Amino acid sequence: RGLGQLGENEFIQATKANDEHLAVGFGTISWLEVIAALRKVNFPGPVNFETMGWPVDDKKIGLELAIKWWRTCEQLATKLN
C-alpha cells in the first residue's frame with residue numbers, strides 16, 4: 001500500500017513513516033499483472049521480495065507460504081497473456 005488515498009482525489013506517497021512493508025500478497029499490488037509484465041519483456045530474473053510478515057508465528061512456515069503463494073501467482077499469471 002505504497003500510495004495511500006486521503007480523499008476522493010487526494011493521494012500520498014509512501015515514506016518510511018507510513019509504508020507498512022506488508023509481505024507480498026497482503027498489499028495492493030496486482031502481482032499477477034507484475035508477473036505477466038515481467039514475462040512479456042522476457043525478464044531473465046531473479047526477482048527478490050520481502051517474505052517476512054506473513055501472519056504466522058513460525059518464520060519458516062511463513063517463508064514456505066510466501067514461496068507457495070508466488071508459485072501460484074506464476075501459474076495464474078499465465079492466464080493473463
Side-chain angles (χ1 to χ4, degrees):
R1 292 183 245 201
L3 190 63
Q5 189 165 1
L6 292 175
E8 187 174 327
N9 295 310
E10 238 182 324
F11 294 89
I12 58 168
Q13 188 61 43
T15 66
K16 286 185 178 185
N18 66 10
D19 187 349
E20 297 171 283
H21 288 279
L22 296 173
V24 172
F26 290 94
T28 56
I29 293 172
S30 172
W31 288 102
L32 298 181
E33 291 178 13
V34 170
I35 293 168
L38 292 173
R39 286 184 176 157
K40 187 174 182 178
V41 297
N42 295 317
F43 182 74
V47 174
N48 184 39
F49 54 88
E50 295 180 37
T51 57
M52 303 318 278
W54 277 68
V56 293
D57 292 331
D58 187 325
K59 291 184 188 220
K60 181 178 183 256
I61 292 172
L63 180 57
E64 290 169 351
L65 289 171
I67 292 167
K68 286 179 184 179
W69 182 87
W70 183 262
R71 296 295 180 223
T72 300
C73 285
E74 287 179 323
Q75 293 295 317
L76 292 172
T78 61
K79 298 177 186 333
L80 294 178
N81 291 333

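The structure displayed is predicted, hence computed values, not measured ones. Side chains are part of it too, since the values below use all heavy atoms of this structure and drop only hydrogens, waters and symmetry mates. Residue numbers count from 1 along this sequence.
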Identify, with sequence neighbours excluded, every residue that meets side-chain contact (heavy atoms from CB on, under 4.5 Å) alongside V34.
-> I29, W31, L38
For the atom pair CH2 (W70) and CD (Q75), what is the distance rounded to the nearest 0.5 Å?
-> 13.0 Å
Between atom CG of L32 and atom CD of E74, what is the distance when rounded to the nearest 0.5 Å?
-> 10.5 Å
Identify whether the distance between the nearest side-chain nitrogen and carboxylate oxygen of E64 and K60 falls below 4.0 Å.
-> yes
Measure across A36 and A77 and return the closest heavy-atom pair with its distance rounded to 0.1 Å.
-> N-CB, 4.1 Å
Inspect the surroundings of CG in D57 and state if more than 12 heavy atoms from other residues, nucleotides or ligands are less than 6.0 Å away.
-> no
Taking R39 as the fixed residue, which of I35, N42, V41 is the one that meets the side chain to side chain contact (heavy atoms under 4.5 Å, CB included) rule?
-> I35
